[in-house]
Amino acid sequence: CKGGPVTEEHKPTDPASQKLTPQDVTSVTKHTIRINGKALKYTVTCGTVVLREEHDKDGEALDARARASMFFIAYTLDGVRDPARRPITYSFNGGPGSSSVWLHLGLLGPKRVQLDREGYAGAPPYALVDNEHSIFDKTDLVFIDPIGTGYSRMVAGEKVKEFHDYQRDLESVGEFIRLYTSRNQRWASPKYIAGESYGTTRACGLAGLLQEKHAMYMNGLMLISCALDFQTLRFDHGNDLPPVLFLPTYAATAWYHKALAPTEQKRKLADLLREVEAFAAGEYSAALFAGASLGAPQRAAVVDKLARYTGLSREYVEATNLRINIHRFCKELLRKQGVTVGRLDSRFQNQDRDSAGEMFEFDPAHANLLGAYGSTLNDYVRRDLAFESDLPYHTLAGLYQSWGWKDFANRYANVAETLRKAMRMNAHLKVFVASGYYDLATPHFATDYTFNHLNVDATRMKDVTMRNYEAGHMMYIHEPSLAAMAKDLRQFVG
């Protein structure tokens with residue numbers, strides 16, 4: 001990409017200096033990229049939008065107080081006669097507490113982090129390369145950093161914790177989407193939302209909020225590594241869904257690391273997973289349902305199969321009471337080799353201080369990517385996009401434990417119902433779902449379970465496209481999966 005000059009009108013300043021009168025701050029640059037053999041000229045608008053809230057009494061507006069400054073990076077194709085006819089996609093990641101850098105520089109944007117074929121970042125310094133797999137040839141792209149991530153901040157005197165809540169997060173991101181759509185005359189454009197991980201939670205919530213609050217109907221949702229029904233993901237005492245739904249990913253992980261017996265190891269992954277999924281949904285589920293009433297012969301048979309499919313010893317499986325926790329699995333699978341497998345992508349492995357613990361010291365998959373994505377984003381924004389700020393760019397902050405869940409008090413968070421209602425209200429809403437076979441954060445079988453219980457009829461389920469890839473949570477770091485996924489997304493938008 002070739003960056004152009006920033007006009008004086010758009011000269012960037014540090015949002016932190018605007019404490020008295022917060023203002024929108026943008027930088028505009030011009031670039032070129034070649035996708036599918038065609039050169040595309042485009043404009044990048046990078047900056048912040050001030051979010052305001054009206055305070056009224058008896059229906060009469062009193063003021064519109066500035067609350068936060070939200071950072072975004074927008075890519076729009078040049079030379080389009082009628083921008084309203086071109087699709088636009090709003091994208092973010094999850095966490096909660098993650099910036100949009102992962103989908104931006106990994107999958108969707110015109111630039112991507114340079115990795116090897118399997119997804120290893122290698123040694124610093126890191127680099128960006130043109131992303132020939134970007135779907136920018138099909139849709140304009142707007143990457144949004146929720147408040148408290150990236151360069152998005154509260155204005156002076158406002159508390160960020162207020163916005164670290166399911167509903168308030170939806171309202172702030174939804175307000176940004178409304179503002180951007182209105183200011184850039186994109187209400188007539190086909191509109192999409194792309195979210196990853198908790199970003200899928202946010203995406204489904206936004207599909208409902210934008211419809212019901214702003215009458216903004218989406219054409220499609222791209223849900224990557226789904227976290228819609230948290231009961232399928234939380235290993236709590238008394239919740240027997242996760243041990244069942246994680247089992248196929250345990251088997252895929254053991255197969256990848258050659259930890260299975262020779263008879264299982266020589267099988268194709270797809271064939272193995274079909275058998276494991278059938279066992280999990282049938283015999284294994286029934287055994288956990290039976291609890292203490294499970295007979296000794298039946299229990300022994302289940303222990304044997306769990307050991308065979310996971311690569312763990314019979315003694316270890318027995319000691320878990322047939323319920324293998326994900327964090328324990330990451331530590332136990334290759335314990336004798338002194339290494340831990342990744343949670344976000346179980347293909348990756350690394351060493352902890354010792355091999356005796358139940359929890360890994362850090363996620364090997366996350367450690368592989370953090371430096372590459374964080375440093376390239378910081379360099380790209382200032383060098384190529386000419387946006388200057390002395391604020392630290394918050395790539396990823398762990399906010400899950402402190403996140404506000406009052407909308408789901410005394411129950412598991414579940415936005416699948418929000419998605420169901422949105423699909424019923426908007427009969428033309430299409431959904432694309434992507435999962436990775438080596439994802440131990442949001443396993444593919446848990447996603448299958450969620451959509452099998454979505455409670456929409458077969459006609460509407462035809463509007464749901466589900467794809468699995470042989471990689472992890474961020475399956476696009478694996479080059480073959482990136483190529484396949486980009487092809488699927490391009491077809492979905494087209």
Side-chain angles (χ1 to χ4, degrees), residues 229 231-337 339-343 345-347 349 358 435-453 468 470 472:
D229 180 357
Q231 185 176 2
T232 65
L233 306 174
R234 292 292 304 270
F235 280 82
D236 296 326
H237 296 300
N239 179 21
D240 281 342
L241 273 179
V244 171
L245 300 177
F246 277 64
L247 181 62
T249 307
Y250 293 162
T253 302
W255 178 88
Y256 180 85
H257 291 287
K258 296 180 172 53
L260 300 179
T263 53
E264 307 300 334
Q265 197 63 57
K266 67 182 180 181
R267 301 175 64 181
K268 292 183 178 180
L269 178 60
D271 294 338
L272 174 65
L273 288 180
R274 275 194 293 270
E275 181 178 311
V276 176
E277 289 170 5
F279 165 72
E283 185 180 354
Y284 185 32
S285 294
L288 296 185
F289 184 86
S293 68
L294 183 66
Q298 292 83 3
R299 183 182 180 92
V302 170
V303 168
D304 284 341
K305 288 184 179 179
L306 286 175
R308 176 154 58 94
Y309 292 143
T310 63
L312 304 178
S313 69
R314 292 188 76 264
E315 293 75 17
Y316 186 84
V317 172
E318 183 69 63
T320 67
N321 195 24
L322 312 185
R323 295 161 175 84
I324 304 167
N325 181 285
I326 182 276
H327 296 289
R328 288 177 169 180
F329 176 82
C330 289
K331 192 73 174 176
E332 182 66 22
L333 179 65
L334 302 179
R335 189 186 296 274
K336 292 181 179 179
Q337 301 176 32
V339 295
T340 299
V341 301
R343 173 176 173 265
D345 192 326
S346 61
R347 296 177 303 139
Q349 57 182 257
E358 286 191 304
S435 300
Y437 283 133
Y438 302 114
D439 179 5
L440 280 170
T442 56
H444 71 278
F445 201 44
T447 298
D448 293 346
Y449 177 93
T450 297
F451 279 88
N452 286 336
H453 293 79
N468 295 331
E470 289 193 36

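The shown structure was predicted, so the numbers you read here are calculated from the model rather than taken from an experiment.
In this structure, Ser285 OG and Leu245 CG are separated by 7.5 Å, a value rounded to the nearest 0.5 Å. Atom CG of Asp304 sits about 11.0 Å away from atom OH of Tyr309, to the nearest 0.5 Å. In this structure, the separation between CZ on Arg323 and CG on Asp240 is 4.0 Å, given to the nearest 0.5 Å. From Asn239, atom CG reaches atom CZ of Arg234 across 9.0 Å, with rounding to the nearest 0.5 Å. Rounded to the nearest 0.5 angstrom, Thr253 OG1 and Asp439 CG are separated by 9.5 Å. Distance check: Arg335 CZ to Leu312 CG gives 10.0 Å after rounding to the nearest 0.5 Å.
Closest approach of Tyr316 and Ser313 over heavy atoms only: N-OG, 3.0 Å. Across Ala290 and Ser293, no two heavy atoms sit closer than the pair O-OG, 2.7 Å. Considering every non-hydrogen atom in both Phe445 and Pro248, the closest pair reads CD2-CG, 3.6 Å. Across every non-hydrogen atom of Ala251 and Val276, the tightest pair is CB-CG2, 3.9 Å. Minimum heavy-atom separation, Gln265 to Ala259: OE1-N, 3.4 Å. Ala287 and Leu294 make their closest contact through CB-CD2, 3.8 Å (heavy atoms, listed as atom of the first residue, atom of the second, distance).
Trp255 places a side-chain heavy atom less than 4.5 Å from the side chain of Tyr438. In this structure, the side chains of Val341 and Cys330 come closer than 4.5 Å at one or more pairs of heavy atoms. Residues His444 and Tyr437 have side chains in contact (heavy-atom distance under 4.5 Å, counting atoms from C-beta outward). No side-chain heavy atom of Lys331 sits under 4.5 Å from any side-chain heavy atom of Glu358. In this structure the side chain of Glu315 never reaches within 4.5 angstrom of the side chain of Glu318, judged on heavy atoms. A heavy-atom distance below 4.5 Å is found between the side chains of Leu306 and Leu247. At a threshold of 4.5 Å between non-hydrogen side-chain atoms, the residues Thr442 and Leu233 count as touching. At a threshold of 4.5 Å between non-hydrogen side-chain atoms, the residues Asn468 and Leu273 do not count as touching.
Within the 3.5 Å criterion, the main-chain N or O of Ile326 finds a donor-acceptor partner in the side chain of Tyr250.
Ring pair Phe235/Phe246 is perpendicular by interplanar angle, where above 60° counts as perpendicular and below 30° as parallel.
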Practice task
Given side chain to side chain contact (heavy atoms under 4.5 Å, CB included), test Arg299 with Asn321 step by step and report yes or no.
Solution key: CA-CA 10 Å; Arg299 183 182 180 92; Asn321 195 24; 3.1 Å; yes
Exercise for the section: Take Glu470 and Tyr256, measure what side chain to side chain donor-acceptor pair (under 3.5 Å) needs, and give me the verdict at the end. Expected result: CA-CA 10 Å; Glu470 289 193 36; Tyr256 180 85; over 6 Å; no
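Of the candidates Arg274, Lys268, Arg267, Arg274 is the only one forming a salt bridge (charged side-chain N to carboxylate O under 4.0 Å, His left out) with Asp271.
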